[in-house]
Undergrad: 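Provided herewith is a single structure, encoded as structure tokens, for subsequent inquiry.
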Amino acid sequence: LAPVVAWFYGEPRLIPITLVLAGAFLFGGLTIQHQALLRRQMRFRALAIVDIVAMALSVAVAIASALLGAGYWSLVAMQITLAAATAVGVWWACPWRPGRLRRGTGVRTMLAFGGYLTGFNVLNYFARNLDNTLIGWRWGATPLGLYSRAYSLLLLPIQQVTPPIAAVAIPALSRLNDQPERYRVFYLRALALLTFVTTPIVAVLLVCAEETILVFLGPNWRAAAPIFRILAISAAVQPVMNSAGWLYLSGGRSRALFAWGAAASVVVAGAFFIGLPFGPRGVALSYAIAATVLCVPCMHFATRGSSICLRDLFAANLPTMTAGVLAAAAALGVKLAWGALLPAWATLGACAVVAGSVHVLTVFYGFRKRAEYVSVVNELRTRRRAPKPGVERSA
């Protein structure tokens, strides 16, 4: 489909780029089973080492290629190197090796579960990337660059927080399915910890959109700041909605997850089309509204039939929501008072320190949640350090 991609965007240089990038799928197929086994065994340290080494190696290759004059091919080299290095790393960390196909192994049930999960991931992938496709098609490369860089920069800090907690939470919740009350308590505490970490980050990024863009992307990307600020609205609810996947997967409800993904994808795609005539800002605003509106039904369907209700979710997140509003107000006060006198990096740093301090003090001492959050961190650490089982053939 490389020629089709090039035709769609009116850019013939995309043909060789797409052909080479397609190689990453081959390495992905060699990677996913070993990653699943390592997660099942809760060998998160090995996974982290592989991820860090692969990322460092791919960045080094990209920088070296760029210095040698490879241009945009340095970004292609980065993606291929990342995929290849990850595959080599997980094969080194996990001793399991694929064997000959056999019948009667009881894999059919797992394939049904995985089929719906794969369907959800495919739908979610295309829905989440439809905005980039439409903006590039309608408005061209420059508006797409502003939008995609703003979106990627916004998600970067959140993506460093959510996957590690999810990697521990999903296996832990799976083991608590027959203990509804412990399941409920663990999920609510893990979610509260997740929002406790992400809320002040979103508050600072929302208030200091211009400073964040100037510090991390440079003055040439200043036009991305309004898009960045609008998208930050959706980032406030994204961690909560991501946690819905913990409930679906730990309960073995991949079919329900697929059904929700299909419905949500229609809403998100519709929002992109509504905002498209108004440019990248219109698409960003439409998506932010759609994500906010979808949050309540998303959590309603995820918790239906479980020991968790929407009232529990509200109560668990009330301290962080309140503290987040106060943190944003404090950051805004700092920016208004000192923003015009300080360079962008100093303003961003000052706002981050003040907002983070207000947030922590409000949650820990205003709502007296310090002991609770410390206990859930200790529990997550304990589960990460659980004894490593042997490699299971049926896995």
Side-chain angles (χ1 to χ4, degrees), residues 35-36 38-45 47-48 51 117 155 157-203 235-254 256-257 260 295-296 298-324 356 359-360 362-364 367-386:
Q35 287 179 326
L38 291 170
R39 291 193 186 99
R40 182 188 177 101
Q41 299 163 15
M42 289 195 170
R43 295 179 57 190
F44 300 113
R45 178 175 296 179
L47 285 167
D51 289 343
L117 181 58
L155 288 185
I158 297 176
Q159 288 174 338
Q160 308 313 308
V161 177
T162 304
I165 296 179
V168 181
I170 294 174
L173 288 169
S174 299
R175 290 170 168 81
L176 297 175
N177 266 313
D178 58 346
Q179 304 174 61
E181 185 56 28
R182 288 189 63 191
Y183 183 98
R184 171 181 169 275
V185 170
F186 182 86
Y187 167 75
L188 293 175
R189 287 185 174 181
L191 175 60
L193 177 64
L194 175 61
T195 56
F196 171 74
V197 177
T198 58
T199 298
I201 297 174
V202 174
V237 300
Q238 201 66 54
V240 178
M241 296 178 69
N242 286 344
S243 75
W246 307 355
L247 300 175
Y248 283 116
L249 296 180
S250 64
R253 298 186 294 144
S254 62
L257 177 62
W260 166 254
C295 185
V296 172
C298 171
M299 301 312 298
H300 168 73
F301 287 109
T303 58
R304 189 169 58 177
S306 72
S307 57
I308 304 164
C309 65
L310 291 180
R311 184 182 302 174
D312 294 331
L313 296 176
F314 179 79
N317 288 287
L318 179 61
T320 55
M321 289 189 297
T322 304
H359 184 78
V360 170
T362 301
V363 174
F364 278 11
F367 287 92
R368 299 180 180 179
K369 292 289 184 178
R370 181 178 182 277
E372 179 180 321
Y373 287 173
V374 170
S375 69
V376 73
V377 169
N378 290 335
E379 186 172 359
L380 289 172
R381 285 177 175 174
T382 300
R383 293 181 181 276
R384 285 173 65 97
R385 295 170 182 169

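Numbering starts at 1 and runs along the sequence shown.
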Undergrad: Identify the two heavy atoms, one from P239 and one from A236, that lie closest to each other, and give their separation to 0.1 Å.
TA: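 Minimum heavy-atom separation between P239 and A236: CD-O, 4.0 Å.
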
Undergrad: Using the test ring-ring contact (aromatic ring centres under 6.0 Å, His included), find all partners of Y248 that sit at least two apart in sequence or belong to another chain.
TA: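 Applying ring-ring contact (aromatic ring centres under 6.0 Å, His included) to Y248 gives none.
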
Undergrad: Does the side chain of V240 come within less than 4.5 Å of L313's, by heavy atoms?
TA: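 Side chain of L313 against side chain of V240, heavy atoms only: no contact under 4.5 Å found.
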
Undergrad: Return the minimal non-hydrogen interatomic distance between V202 and A235, and the atom names on each side.
TA: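 It is CG2-O, 3.8 Å.
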
Undergrad: Please walk me through it: do R43 and L47 pass side-chain contact (heavy atoms from CB on, under 4.5 Å)?
TA: CA-CA 7 Å; R43 295 179 57 190; L47 285 167; 5.9 Å; no

Undergrad: Name all residues meeting the side chain to side chain donor-acceptor pair (under 3.5 Å) criterion together with T199; count only those two or more places apart in sequence or in a different chain, and write none if there are none.
TA: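 Counting only residues at least two positions away or on another chain, T199 forms no side chain to side chain donor-acceptor pair (under 3.5 Å).
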
Undergrad: Is a donor from one side chain sitting under 3.5 angstrom from an acceptor on the other, for T195 and N317?
TA: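 On atom types as modelled, these side chains qualify, holding a pair under 3.5 Å.
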
Undergrad: Please give me the minimum heavy-atom distance between L117 and S254, naming the atom from each residue.
TA: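 Scanning both residues, the minimum pair turns out to be N-CB, 4.0 Å.
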
Undergrad: Just grab all the salt bridge (Lys or Arg N to Asp or Glu O under 4.0 Å) pairs involving residues 236-250, residues at least two apart or on different chains.
TA: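 Matches after skipping sequence neighbours: none remain.
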
Undergrad: Evaluate the side-chain proximity of N177 to L173: yes if any heavy-atom separation is below 4.5 Å, no if none is.
TA: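 Result no, sub-4.5 Å side-chain heavy-atom pair not found.
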
Undergrad: Sequence neighbours excluded, which residues qualify as side chain to side chain donor-acceptor pair (under 3.5 Å) partners of Q179?
TA: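 Residues passing side chain to side chain donor-acceptor pair (under 3.5 Å) with Q179: R182.
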
Undergrad: What distance do T320 atom OG1 and L191 atom CG have between them, rounded to the nearest 0.5 Å?
TA: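 One finds 8.0 Å between OG1 of T320 and CG of L191.
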
Undergrad: So which atom in P171 and which in A166 form the shortest heavy-atom distance, rounded to 0.1 Å?
TA: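 Closest heavy-atom pair between P171 and A166: CD-O, 4.1 Å.
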
Undergrad: Which value, rounded to the nearest 0.5 Å, describes the distance between M299 atom CE and R304 atom CZ?
TA: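 Nearest 0.5 Å value for the CE-CZ distance: 13.5 Å.
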
Undergrad: List for me each residue that meets side-chain contact (heavy atoms from CB on, under 4.5 Å) alongside V360, sequence neighbours excluded, and say none if there are none.
TA: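 Partners of V360 by the side-chain contact (heavy atoms from CB on, under 4.5 Å) criterion, ordered by chain and then number, come out as F196, F364.
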
Undergrad: List the residues meeting side-chain contact (heavy atoms from CB on, under 4.5 Å) with P200, not counting sequence neighbours, and say none if there are none.
TA: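 P200 satisfies side-chain contact (heavy atoms from CB on, under 4.5 Å) with H359 once adjacent residues are dropped.
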
Undergrad: Partners of T303 by side chain to side chain donor-acceptor pair (under 3.5 Å), sequence neighbours excluded?
TA: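 Side chain to side chain donor-acceptor pair (under 3.5 Å) check on T303 returns nothing, list empty.
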
Undergrad: Hey, are S243 and Y187 close enough side-chain-wise for a donor-acceptor pair under 3.5 Å?
TA: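 Yes - a donor-acceptor pair under 3.5 Å links their side chains.
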
Undergrad: Of all residues at least two apart in sequence or in a different chain, which pass the side chain to side chain donor-acceptor pair (under 3.5 Å) check with T198?
TA: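 Per chain and number, T198 pairs via side chain to side chain donor-acceptor pair (under 3.5 Å) with no residue.
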
Undergrad: Rounded to the nearest 0.5 Å, how far apart are CE of M241 and SG of C298?
TA: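 Reported value, rounded in 0.5 Å steps: 4.5 Å.
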
Undergrad: When you compare the side chain of L194 with that of W246, does any pair of heavy atoms fall below 4.5 Å?
TA: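 W246 vs L194: side chains touch.
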
Undergrad: Taking only residues two or more places apart in sequence or in another chain, which ones pass side-chain contact (heavy atoms from CB on, under 4.5 Å) with D312?
TA: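 side-chain contact (heavy atoms from CB on, under 4.5 Å) check on D312 returns R184, L188, I308, C309.
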
Undergrad: Among all residues two or more places apart in sequence or in another chain, which pass the side-chain contact (heavy atoms from CB on, under 4.5 Å) test with T362?
TA: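 A323, L326, V358, F367.
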
Undergrad: Under 3.5 Å, is there a donor-acceptor pair between the side chain of R253 and the main chain of A302?
TA: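 Checked: pair present.
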
Undergrad: What verdict does the side-chain contact (heavy atoms from CB on, under 4.5 Å) test give for L247 and Y183, after you've listed the backbone C-alpha separation in whole Å, the side-chain angles of each residue and the deciding distance to 0.1 Å?
TA: CA-CA 10 Å; L247 300 175; Y183 183 98; 3.5 Å; yes

